[in-house]
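Heads up: the structure comes next, in structure tokens.
In what follows, chains carry the letters A, B, and so on, assigned in the order in which the sequence lines appear, proteins first and then strands, with residues in each chain numbered from 1. Excluded from the calculations below are hydrogen atoms, water molecules and symmetry mates; all remaining heavy atoms, backbone and side chain alike, are included.
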Amino acid sequence: MEIEATNFIEDIINKDLKEGRCDHVQTRHPPEPSGYLHIGHVRNIVLNYGLAEKYGGICNLRYDDTNPQKESQEFVDSIQDDVHWLGYNWHEIHYATEYFQMNYEVAIKLIKEGKAYVCDLSPEQVSEYRGTLTEPGKNSPYRDRSVEENLDLFERMKNGEFEAGSRCLRAKIDMASPNMNMRDPVIYRIQYLNHQRIGRSWNIYPTYDFSHPLDDCYEGVTHSICGPEFEDHRPLYNWVVENSGLKNHSRQVEYANLYIKGAILGKRFIKKLVQDGLVTGFDDPRLYSLRGLRRRGVLPNSLKNFVLAAGISKSNALIDPEFLNHFIRDELNQVSKRVMAVLNPIKLVINNWEEGKEEEIELEDYPQNEETTKRTYYFGKTSLIEREDFIEEPNPKFYRLYVGAEVRLKGAYIVKCTSFDKDENGNITTIYADYEEGTKSGTNCTKKVKGTIHWINPNHAKQVEVRLFENLVDEESQDEVEGQERATGDFKINPNSKTILDNCYVEDTVDYNFDDRYQFIRNGYFCLDKDTTNNKLVFNRTITLKDTKKK
RNA sequence: UGGGGUGUAGCCAAGUGGUAAGGCACGAGACUUUGACUCUCGCAUGCGUAGGUUCAAAUCCUGCCACCCCAGCCA
């Protein structure tokens, strides 16, 4: 399924193209390598790579690696891997740190033109001088230093002569601006850190506000697409570009964030879950990290279709998880191999079936496709069926097994339940039924029954481990995790978020592969997990089937 | 509180002066060797709110309300 969607960003691009503000489209995907990618990043990735693709332009991957305090090589590697998994390719790969010399030269130009100055105020003082939301700031006493002194001081900052935090370079704009970002923003700070890519080669680091617009211009970016939090940085973005003397003028376009109700997003929250041992790692299947989703069995196109269908607007969206689930199911339904598996087995014995006799039956691998392959399976006297497919006390809304009820065994015969055994503790141990001749599936049997259940022949079964997942966050505290910033860590973890069943059976007639997706009839969509316990196959349930059972 | 942004159904979201697209969810029915899938039908006299302009307003104007972002030498 290909989702076609246009949005306001394309309107802007079309207008720019039409009015000659640009003659091509170039975007960039600018992650900071400070965490693993999660579903909230997919929209940005789809937009940047997708728009470039759509307009025949290019999209570079550019790491915004200007703050070594939060970054590491682990994250730069994982980001590339995740982008590839989503099916995108960058044109070139760049790092903000590549442009440090060029950034530095622009800074020198600004100083020479009296548009930037070295400030000796401490971080606390800078904050004090900045004023508040309602009161204007006041000028730094160092604001009017001579060009020569600024040049000298900046050079010495670069040479590592001053303590970190003791001085910084600031753009000289307007301390009384109602926009806090324009009150002489810091554009360079001193940091003596070992950067993952450039080591200790620089003692001064440009801030995002300074490097980002410049880097966009160097690369020839036409549309710099970013989150809503940068909307009031746009005047600063433009100030930097206009005062840089660079030819290319990129345009910053903001769009709103996308959140999923009940999902914990945000790098720092996911990190906390991992650190606290509440999840097994960044690829825990319960997480909405790309790694987690992937291990859970979600296919990348489902994610793309989801963000495309959700649309792009300027109002922050808190989306119902069922909306995502729909796209996950939709794709899985098309590609999954149908297989019978019993998760919670109970024995079913056919009274009127000859002991030891097995009959070949035919099952379709992909009944959702016209030209499906088929496989042979075996029906015998004893089967394993799902415990919940039998009920002791009949209920009019229940149309599976109870004494006297008729049900079809998928691919085989219609059977009628006759009795059941209980052990001394009152647990049901065996169910008995009669099969009806002439009702085999695929023959021209006209008899119809309400229910069809799946089963496993224990002589042709693999015992496997199955992992079922539910929402990580306790439902009652879901409201507290609505938005990324609101997820303060107060949420409760759902103790049932992960269930491991180790007494499950699947047909042994199927070849199981890591890349394949399976629908266990009536039990949901599954994929193989890399972990194996006791040499048993381990299946993760990606998602359940839609449940429309009448209550 | 100064500035910026956003308010269309339970959740997303089209709409740009001509009488409220679409998807998810939900409800009813058909089909069915999966209570899945598929199909059919239903689902806003209403567009945050109060006024105003107009033959005509979700769209234009004015006031008000709600939510989000900004006072890092983070991005």
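Where Ser127(A) and Arg408(A) meet RNA chain B, the nucleotide closest to each residue was compared, and Arg408(A) sits on the side nearer the 5' end. Mapped onto RNA chain B by nearest heavy atom, Pro123(A) and Gly442(A) fall at different nucleotides, with Gly442(A) at the one closer to the 5' end.
Ring geometry for His94(A) versus Tyr99(A): interplanar angle of 30 to 60°, hence tilted.
Classification of Arg28(A) and Asp215(A) as a salt-bridged pair fails, no side-chain N sitting under 4.0 Å from a carboxylate O. Lys447(A) has a carboxylate O that lies under 4.0 Å from a charged side-chain N of Glu436(A), or vice versa, which qualifies the two as a salt bridge. The residues Arg517(A) and Glu331(A) are annotated as not salt-bridged, no charged nitrogen and carboxylate oxygen being separated by less than 4.0 angstrom. A salt bridge links Arg167(A) with Asp120(A): the distance from a Lys NZ or Arg NE/NH1/NH2 to an Asp or Glu carboxylate oxygen falls below 4.0 Å. Remark: Lys546(A) does not engage Glu322(A) in a salt bridge, criterion side-chain N to carboxylate O under 4.0 Å.
In this entry the distance linking CG of Leu133(A) with P of G2(B) reads 10 Å, nearest Å.
Counting any heavy atom pair closer than 4.0 Å across all strands shown, Leu121(A) reaches a base atom. Across all strands shown, Tyr366(A) has no heavy atoms under 4.0 Å from either base or sugar-phosphate atoms. Here Phe230(A) lies in heavy-atom contact (under 4.0 Å) with a base. Among the heavy atoms of the strands, none lies under 4.0 Å from His454(A). Among the atoms of the strands shown, base atoms are found under 4.0 Å from some heavy atom of Arg338(A). Nucleic acid contact class of Thr207(A) (heavy atoms, under 4.0 Å, all strands): sugar-phosphate only. Counting non-hydrogen atoms under 4.0 angstrom, Arg522(A) reaches a base of the nucleic acid. Across all strands, Ser122(A) comes closer than 4.0 Å to base atoms (heavy-atom distances). When heavy atoms are screened at a 4.0 angstrom cut-off, Lys440(A) is found touching no nucleic acid atom at all. Using a 4.0 Å heavy-atom cutoff across all strands shown, Tyr399(A) reaches at least one base atom of the nucleic acid.
Nucleotides U16(B) and C12(B) place their P atoms 22 Å apart, quoted to the nearest Å. Nucleotides C43(B) and A20(B) are separated by 14 Å at their C1' atoms, to the nearest Å. Spacing between G22(B) and G15(B) at atom P, rounded to whole Å, works out to 14 Å. Straight-line distance between the P atoms of A44(B) and U6(B): roughly 28 Å, to the nearest whole Å. Only the C1' atoms considered, U1(B) is 12 Å distant from A71(B), to the nearest whole Å. When the P atom is used for both C73(B) and G17(B), the distance is 44 Å, rounded to whole Å. Across C69(B) and G10(B), the matching P atoms stand 24 Å from one another, rounded to whole Å.
Counting only N and O atoms by type, the side chains of Tyr63(A) and Glu98(A) include no donor and acceptor under 3.5 Å apart. Side-chain atoms of Glu359(A) and Tyr413(A) include a donor-acceptor pair closer than 3.5 Å.
Side-chain atoms of Arg130(A) lie closest to A71(B) of the nucleotides C24(B), A71(B), G35(B). Across C73(B), C74(B), U34(B), the shortest atom-to-atom separation from the side chain of Cys168(A) is found for C73(B). Minimum atom distance to the side chain of Lys448(A) is reached by U32(B), of the listed G35(B), U32(B), C73(B). Of the candidate nucleotides A75(B), U1(B), U34(B), U34(B) has the atom nearest to the side chain of Pro367(A). Of the candidate nucleotides C24(B), G35(B), C74(B), C24(B) has the atom lying nearest to any side-chain atom of Glu322(A). Of the candidate nucleotides U34(B), U32(B), G35(B), G35(B) has the atom nearest to the side chain of Arg400(A). When distances run from any side-chain atom of Ile521(A) to the nucleotides A71(B), G35(B), U34(B), the shortest one goes to U34(B). Residue Lys410(A) places its side chain closer to U33(B) than to any other of A25(B), A75(B), U33(B). Side-chain proximity of Thr132(A) to C37(B), A71(B), A75(B): nearest is A71(B).
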task = With pairs defined as Watson-Crick or G-U wobble and both distances under 3.5 angstrom, please note down RNA chain B as a dot-bracket string, | for pairing with another strand.
result = .(((((((.[[[..)..(...]]].(((((.......))))).....[[[[[..)....]]]]])))))).....
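Remark: Glu71(A) engages no residue in a salt bridge (Lys or Arg N to Asp or Glu O under 4.0 Å) (not counting sequence neighbours). By the salt bridge (Lys or Arg N to Asp or Glu O under 4.0 Å) test, Asp232(A) pairs with no residue at all, sequence neighbours left out. Residues forming a salt bridge (Lys or Arg N to Asp or Glu O under 4.0 Å) with Glu219(A) (at least two apart in sequence, or on another chain): Arg62(A).
In terms of modelled atom types and a separation under 3.5 Å, the side chain of His454(A) and the main chain of Ala341(A) share a donor-acceptor contact. When atom types are taken as modelled, the side chain of Gln368(A) and the backbone of Ser336(A) share a donor-acceptor pair closer than 3.5 angstrom.
Side-chain to base pairing of Gln519(A) with U34(B): one donor and one acceptor N or O lie within less than 3.5 Å of each other.
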Protein-nucleotides 39-44 of chain B N/O pairs under 3.5 Å:
none

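Base orientation of G46(B): syn, since the glycosidic angle falls within 90° of 0. The glycosidic torsion of G72(B) lies within 90° of 0, placing the base in the syn range.
Figure legend: Lys410(A) and Trp455(A) shown without cation-pi pairing, the cationic atom not lying both under 6.0 angstrom from the six-membered ring centre and within 45 degrees of its axis.
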key: Annotated protein contacts, base or backbone, on nucleotides 3-14 of chain B with a non-hydrogen cut-off under 4.0 Å, one of B, S, - each   = BSSS----SSSS
